[in-house]
2 protein chains.
Amino acid sequence: MPLDTATAAVAVDLVALTILDDELCVRVAKRQTPPFRDHWALPSRLISEEEDLFATAELELARATGLAELPVHHIEQLAAYGDPRRDPRGRVVSIAYLALVAGASTWTHTPSRRWAAVSDLLEQPAAASPLAFDHREILADGVARTRAKLEYTPLAGAFCPETFTVSELRHVYEVVWGVHLDPRNFHRKATSTPGFLAPTGSKTTRDGGRPAELYRTGDALTFHPPLTRHI
Amino acid sequence: MPLDTATAAVAVDLVALTILDDELCVRVAKRQTPPFRDHWALPSRLISEEEDLFATAELELARATGLAELPVHHIEQLAAYGDPRRDPRGRVVSIAYLALVAGASTWTHTPSRRWAAVSDLLEQPAAASPLAFDHREILADGVARTRAKLEYTPLAGAFCPETFTVSELRHVYEVVWGVHLDPRNFHRKATSTPGFLAPTGSKTTRDGGRPAELYRTGDALTFHPPLTRHI
DNA sequence: GCAAAAGTGTTAGAATTACACCCATGC
DNA sequence: GCATGGGTGTAATTCTAACACTTTTGC
């Protein structure tokens, strides 16, 4: 089996999500060159000889967000996309990574890079998508994965600063799932699920009203029974 | 961005699972050539110019099982593996696919291809694994995915023939999860969860005792609340 | 009849849901 | 005081878990 046959360009594409102004947003870059010139695209980089896929995704996250220091974040592999015609220039297999980041803000916006509302990008049918290549499908997969994992993992904390209140965490769920959750029942569920939250002992009044306990993300990988987003 | 830079060999690796003699088994092939000569390896094929990743996995499943006609099965993408040193011959990025198949049997065994018990392959520590490359890790990921998806999808049916009884389905859960389930509660849960089972109207006595209803896999993609494997 | 597996009923406990209600701060 | 959000109590309902019991076949 000679290894110089059947090669392809291999890229890492990034679905970097954050929450901005009560909206789930994704980092996109405007394409400067054909194909899909002036369309928005997910941040992407070809793999180098030394880096593994995960490291490549970390590097691209740092570059794409344009922040000197990466904020709290979570990265995991999403899926591989390898349709022979997904890039008109040739065979490109992309490994998509899903990143959830906190601390994004609109002042990282430039004419060619921004946080775009996911709902705006996905509402168009695939044929009229403002996104280049198959990036609409990749984004949809990333959003679906995120919605699902909030049910049974403490991942929502990745959208919050280092320490956060139960309401701030609930707000993440409400934005990502697009639902309203009962604050009292959510509080009880979050604080009583082992490994969901780690108490810090501090409090804050930044949300107004009575001071709220501050937590860190807990160490559970998954929990049972899960939270439910189904009514 | 010239596309002829940074290419890699791209392969599809297959974690094909089945249930044989009350054991979860995976299809493996003995390597005839270095590296890892005489080790077992997951079925694998380099992508061709025309096929997409899913089609490549289907082709490899047909080849690896050696069956003229593929039995009932389910295939989904598992993950991509791209460590630069995972193959000593050069950079190979593998997209692993997970296949669950029914109707496997020991008469497809040859000296170089067989269904091997997953427990035997995973019980050794990684350093002493009988599996080549990073295939132990890929197999472990595939088994973990399978165990998880049995909780909230009707996927267990993919291990059964076209039509099957509730006990046969329960047997799949017991083997894959390595637990004992109460037949009466399982029966109630399976038959009352919408989309889990589709009645056929037929019965069978092949398991002995009172005739049992035969079902097909239902059309639900996921269900809530899930089955639980936690005690 | 007897063994074996299918399937139903029942009950205690756990989890979810929908609220009423009190608490601690800023103004 | 009063508005605001934080947090606890509680009762109705639903889900789970354990197991007694009945049904329908083969032998």
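Side-chain atoms are counted along with the backbone in the values below, which use heavy atoms only and exclude waters and symmetry mates. Lettering follows sequence order; numbering is per chain, from 1.
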[X] side-chain N/O to [N] phosphate OP1/OP2 under 4.0 Å:
X	N	result
A/Lys189	C/dT16	yes
A/His187	D/dG7	yes
A/Thr191	D/dG7	no

Identify the pairs formed between an N or O of the protein and an N or O of nucleotides 23-27 of chain C at a distance under 3.5 Å, and give each distance.
from: C/dC23; atom 1: O4'; to: A/Arg210; atom 2: NH1; distance (Å): 3.4
from: C/dC23; atom 1: O2; to: A/Arg210; atom 2: NH1; distance (Å): 3.2

Taking [atom1] from [X] and [atom2] from [N], how many angstroms apart are they, rounded to a whole number?
X	N	atom1	atom2	value
A/Asn185	D/dA11	CG	C1'	13 Å
A/Leu197	D/dG7	CG	P	11 Å
B/Glu168	C/dA5	CD	P	12 Å
B/Tyr152	D/dC15	OH	C1'	21 Å

Closest-nucleotide 5' rank along DNA chain D - winner of B/Pro226 and B/Arg184
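That would be B/Pro226.
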Return the nearest nucleotide to the side chain of A/Arg188; candidates are C/dG7, C/dC19, D/dA18.
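So the side chain of A/Arg188 is nearest to C/dC19.
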Are A/Asp13 and A/Arg86 ion-paired here, with the side-chain N under 4.0 Å from a carboxylate O?
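Here A/Asp13 pairs with A/Arg86 in a salt bridge, since their nearest N and O are under 4.0 Å apart.
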Which is it for B/Phe223 and B/Phe196 under the ring pair (Phe, Tyr, Trp, His ring centres under 6.0 Å) test, yes or no, and what are the steps along the way?
CA-CA 8 Å; B/Phe223 35 75; B/Phe196 193 2; 4.8 Å; yes
Which part of the nucleic acid, if any, lies within contact of B/Pro183, taking any heavy atom under 4.0 Å across all strands shown: a base, the sugar-phosphate backbone alone, or nothing?
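Nothing: the residue B/Pro183, judged by heavy atoms under 4.0 Å, touches no strand.
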Counting any heavy atom closer than 4.0 Å, what does B/Asp207 reach on the DNA or RNA strands: base, sugar-phosphate only, or nothing?
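Sugar-phosphate: the residue B/Asp207, judged by heavy atoms under 4.0 Å, touches backbone atoms but no base.
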Would you say the side-chain atoms of A/His187 and A/Asp182 include a donor-acceptor pair closer than 3.5 Å?
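Per modelled atom types, A/His187 and A/Asp182 side chains form no pair under 3.5 Å.
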I'd like to know whether CD of A/Glu123 has more than 12 heavy-atom contacts from other residues, nucleotides or ligands below 6.0 angstrom.
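More than 12 heavy atoms, drawn from other residues, nucleotides or ligands, come within 6.0 Å of this atom.
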